[in-house]
Amino acid sequence: MSEERESLNFIEQIIEDDLKSGKHVEIHTRFPPEPNGYLHIGHTKAIWINFNIAQKYGGKTNLRFDDTNPTTEKSIYVENIQKDIKWLGYDWEDRMYYTSNYFEQLYNFAEQLIIKGYAYVDDQSSELIAEQKGTPTQKGTDSPFRNRSVEENLDLFRRMKAGEFKDGEKVLRAKIDMGHTNMLMRDPLIYRIKHQTHHNTGDEWCIYPMYDFAHGQSDSIENITHSLCSLEFIHHRPLYNWFIEKLGIYPSRQIEFARMNVSYMITSKRKLKKLVDNGIVTGWDDPRMPTVAGMRRRGYPASALRLFCEKTGAAKRNNLQEIALLESCVKEELNKTAHRVMVVNDPLKLTISNYPENESEELTAINNPENLEDGTRSIPFSKHLLIERADLMEDAPKKYFRLSQGRNVRLKNAYIIHCDDVVKNEAGEVIEVLCSYYPNSKSGEDESGIKAKGTLHWVSEDHAIPCTVREYDRLFKVEAPGVTPDVDFLDEVNEASLKVNENAFMEPALKSYHPGDTVQFMRIGYFSVDEDSSSDRLIFNRTVTLRDSWKNKK
RNA sequence: UGUCCAGUAGUGUAACAGGUUAGCACAUGAGAUUUUGAUUCUCAGGGUGAAGGUUCGAGUCCUUCCUGGAUAACCA
């Protein structure tokens with residue numbers, strides 16, 4: 001038996017090594033979002049890495065809200081983040097934590113640091129402190145308050161906690177090295193005063209720890225074995241380790257991976273918010289948004305997002321994933337599940353001259369040929385139909401498979417028809433197509449022996465139901481929006497990212513579909529029923545178009 | 001200009017401790033099948049940033065260089 005070795009990403013390699021060496025017997029990761037915005041495609045990768053890797057090695061993943069800044073955090077985000085993670089298919093079981101629940105512990109850690117002579121209270125302004133930091137090429141200078149006694153530091157810090165000082169009056173700093181090549185090691189701030197109500201702890205605290213003095217310790221408190229974060233935190237690792245070492249607590253290990261970027265999308269919470277605030281999109285869940293909520297509403301299945309993460313993997317180099325791969329994952333998943341239905345977007349009348357007036361018949365359609373268990377449904381057929389205007393061409397080239405005078409086409413699930421003539425208005429536009437049908441060419445029982453190269457979708461005019469189709473396109477017209485210097489990302493917005501079509505007609509069976517259902521409009525694309533739909537008018541969001549190799553040949 | 005990280009087809013990602021023609025996916029092109037010009041299937045093109053060195057043998061090790069990214073918030 002040739003055993004193929006499964007290829008591992010660099011994180012899995014580290015974990016397997018740790019398991020093999022006995023460093024760890026169980027893997028424990030965490031996903032630590034800050035509740036100050038919605039989750040987006042970039043977070044999807046972070047979620048996938050953290051949950052998937054633990055799952056793979058039989059470990060656990062905690063959800064932890066990294067909420068150390070009361071200014072920007074809100075419980076509404078806490079709710080939505082949970083909803084999005086669950087929808088993505090991941091479960092933190094009973095392990096949902098808040099960094100803010102560790103405030104007492106964190107405070108004690110800070111006192112310990114002071115007692116050990118590793119932290120001091122600084123009275124200087126933020127401007128002065130910034131000045132003394134130096135530059136990457138220039139060493140910093142010591143604060144005049146750097147050598148306060150332990151007693152004085154402790155007293156001051158306790159009074160900070162007690163609320164004796166105003167915001168910005170004092171800070172607690174780690175005492176490391178103002179000449180360090182890593183600027184984060186130049187006596188970083190670890191506590192600041194903020195007289196502000198916190199979404200979780202209310203007014204209990206007026207001092208809040210900074211990220212660097214909260215994250216690693218929280219990992220340690222939760223016994224996180226591998227703390228997986230994005231590359232931008234790489235410079236923080238020495239500091240992360242420094243606190244763990246000085247405090248003598250459980251040594252979680254920080255490992256950095258490259259965050260995922262996707263072409264034509266942005267993942268900056270600030271910029272995303274601007275799109276919402278400027279009314280460029282209808283909200284955080286607008287189907288054009290790269291947010292989890294937006295993609296869900298667009299009709300992207302969670303399984304497609306997971307597949308996308310899997311296919312793009314985890315590595316340490318900056319990357320820009322092509323949106324085509326994401327869309328290919330979406331289509332791969334939807335191809336397995338979506339019912340094939342018929343909707344005409346740009347209707348043109350088609351009359352079958354030799355079909356009796358005022359009569360109709362019910363034809364049978366397979367819901368999904370990729371999954372026969374989904375059964376069949378019936379579709380009404382009659383003399384007067386609507387077809388896609390683009391499916392008719394006069395004087396068509398030989399390679400054209402659709403309708404043209406004198407040619408045959410198959411009407412999907414129905415009959416083969418022959419195009420006899422077209423009717424035009426005064427402006428010379430075709431307003432109706434006249435055809436005749438071959439009664440013995442009915443789908444499933446075709447005895448006509450006639451060949452038709454093309455197959456068209458259609459609806460019966462008298463039975464069709466008007467509906468709205470929102471044709472979404474990419475939100476930005478450049479591959480990497482928001483990164484070109486001196487270019488406002490708002491100028492890179494694709495102004496034609498949404499075209500609303502109120503003139504579409506759907507087959508009647510679609511009436512029984514509900515918001516969130518995603519179907520395939522045959523020959524067009526995948527569409528998801530939007531939550532804005534009402535019982536008398538369905539609204540569809542275009543999820544993604546089908547591949548169209550004809551378009552490219554033209 | 002310090003420090004750190006990274007360079008494998010168009011885009012991503014593999015190649016387990018140096019070992020056959022550098023694999024896979026998407027994208028691209030050609031063809032077959034098809035009652036969706038979809039799906040499916042087959043085939044093709046195209047790659048180790050550069051130069052030296054070590055070695056029987058280098059994407060992998062060493063040296064130098066080049067390129068890209070990160071990095072100076074009382075944000076996370």
Side-chain angles (χ1 to χ4, degrees), chain A residues 5-9 13 32-34 36 66-69 71-73 99 122 125-126 129-131 133-140 167-173 180-184 186 189-194 207-208 210-212 214-215 229 231-238 256 258 260 263 269 308 310-329 331-332 335-336 340 342 366 369-370 399-402 409-416 441 443-444 446 452-457 479 520-525 545-553:
Chain A
R5 190 180 294 243
E6 181 202 12
S7 73
L8 305 172
N9 64 46
Q13 275 168 25
E34 185 189 11
N36 69 344
D66 210 352
D67 53 352
T68 57
N69 183 5
T71 315
T72 54
E73 294 151 5
T99 299
D122 198 331
S125 68
S126 63
I129 291 175
E131 247 172 68
K133 280 249 162 156
T135 69
T137 52
Q138 240 177 325
K139 291 187 173 192
D167 288 12
E169 234 175 278
K170 291 191 173 6
V171 290
L172 184 69
R173 292 228 255 167
H180 202 107
T181 53
N182 180 344
M183 297 208 47
L184 280 162
R186 323 246 257 230
L189 272 64
I190 57 180
Y191 259 96
R192 77 286 214 192
I193 300 170
K194 272 181 188 263
I207 56 170
Y208 294 93
M210 299 285 289
Y211 166 84
D212 288 302
H215 203 95
C229 62
L231 242 36
E232 64 218 271
F233 291 98
I234 201 159
H235 300 285
H236 294 248
R237 187 170 5 117
E256 311 84 12
M260 180 171 71
S263 63
K269 281 187 202 170
F308 181 55
E310 198 178 308
K311 287 190 171 184
T312 51
K316 295 185 76 163
R317 48 180 140 149
N318 302 315
N319 60 80
L320 182 62
Q321 308 289 347
E322 288 180 341
I323 196 165
L325 178 59
L326 209 207
E327 293 180 340
S328 134
C329 292
K331 285 185 267 195
E332 185 176 334
N335 181 47
K336 294 187 278 195
R340 271 60 169 175
M342 294 200 282
I366 293 168
E370 303 287 327
K399 283 287 195 62
Y400 189 78
F401 301 160
R402 283 116 95 153
V409 294
R410 157 76 64 184
L411 291 177
K412 180 72 184 174
N413 295 131
Y415 301 91
I416 294 175
S441 66
S443 271
D446 186 353
K453 189 73 181 149
T455 301
L456 269 43
H457 62 277
E479 201 175 42
Q520 185 196 91
F521 289 2
M522 264 192 284
R523 306 206 304 131
I524 301 175
T545 56
L546 251 31
R547 192 169 135 213
D548 185 357
S549 54
W550 167 244
K551 189 176 70 186
N552 301 331
K553 282 181 189 164

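Just so it is clear: chains get the letters A, B, ... in the order the sequence lines come, proteins before strands, and each one is counted from 1. The figures that follow rest on heavy atoms only: side chains count, while hydrogens, waters and symmetry mates do not.
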Would you mind classifying the nucleic acid contact of [X] as base, sugar-phosphate or nothing, using non-hydrogen atoms under 4.0 angstrom?
{"X": "A:Y191", "value": "nothing"}
{"X": "A:R547", "value": "sugar-phosphate"}
{"X": "A:Q321", "value": "sugar-phosphate"}
{"X": "A:A130", "value": "nothing"}
{"X": "A:Q520", "value": "base"}

Quiz prompt | Residue pair A:L231 / A:N318, side-chain heavy-atom distance below 4.5 Å | solution =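 Yes, side chains in contact.
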Exercise. Check whether any side-chain heavy atom of A:N413 lies under 4.5 Å from a side-chain heavy atom of A:M522, and answer yes or no.
Key: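 Sidechains of A:M522 and A:N413: in contact.
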For nucleotides [N] and [M], find the distance between their [atom1] atoms and express it as a whole number of Å.
{"N": "B:G12", "M": "B:G47", "atom1": "C1'", "answer": "13 Å"}
{"N": "B:U54", "M": "B:U11", "atom1": "P", "answer": "34 Å"}
{"N": "B:U48", "M": "B:G23", "atom1": "P", "answer": "13 Å"}
{"N": "B:U8", "M": "B:A15", "atom1": "C1'", "answer": "10 Å"}
{"N": "B:A17", "M": "B:U3", "atom1": "C1'", "answer": "31 Å"}
{"N": "B:A14", "M": "B:A72", "atom1": "C1'", "answer": "38 Å"}
{"N": "B:A76", "M": "B:G69", "atom1": "P", "answer": "27 Å"}
{"N": "B:U20", "M": "B:G59", "atom1": "P", "answer": "10 Å"}

Mind checking who [N] pairs with, Watson-Crick or G-U wobble, both distances under 3.5 Å?
{"N": "B:U67", "result": "B:A6"}
{"N": "B:A22", "result": "none"}
{"N": "B:C41", "result": "B:G31"}

Quiz item: Do A:Y211 and the base of B:A76 stack face to face, with centres under 5.5 Å apart and an angle between planes under 30°?
Solution: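 A:Y211 vs B:A76: stacking no.
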Round to a whole Å and report the spacing from [atom1] of [X] to [atom2] of [N].
{"X": "A:R402", "N": "B:U35", "atom1": "CZ", "atom2": "P", "value": "17 Å"}
{"X": "A:E169", "N": "B:C74", "atom1": "CD", "atom2": "C1'", "value": "13 Å"}
{"X": "A:L231", "N": "B:G69", "atom1": "CG", "atom2": "C1'", "value": "8 Å"}
{"X": "A:K316", "N": "B:G12", "atom1": "NZ", "atom2": "P", "value": "18 Å"}
{"X": "A:N335", "N": "B:C26", "atom1": "CG", "atom2": "P", "value": "13 Å"}
{"X": "A:E479", "N": "B:A27", "atom1": "CD", "atom2": "P", "value": "15 Å"}

Quiz item: Of the nucleotides B:A72, B:C26, B:C74, which has the atom closest to the A:S328 side chain?
Solution: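 Among the listed nucleotides, the one closest to the side chain of A:S328 is B:C26.
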Exercise. Consider the side chain of A:H235, meaning its heavy atoms from C-beta on, and name the nucleotide among B:G69, B:A25, B:U71 that approaches it most closely.
Key: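 Minimum distance to the A:H235 side chain belongs to B:U71.
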Quiz item: Could a donor-acceptor pair under 3.5 angstrom be found where the side chain of A:H457 meets the base of B:A38?
Solution: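 Flag unset: no donor-acceptor pair detected.
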Quiz prompt | Atom CG of A:L320: over 12 foreign heavy atoms under 6.0 Å | solution =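 Yes, because the 6.0 Å sphere around CG of A:L320 holds more than 12 heavy atoms from other groups.
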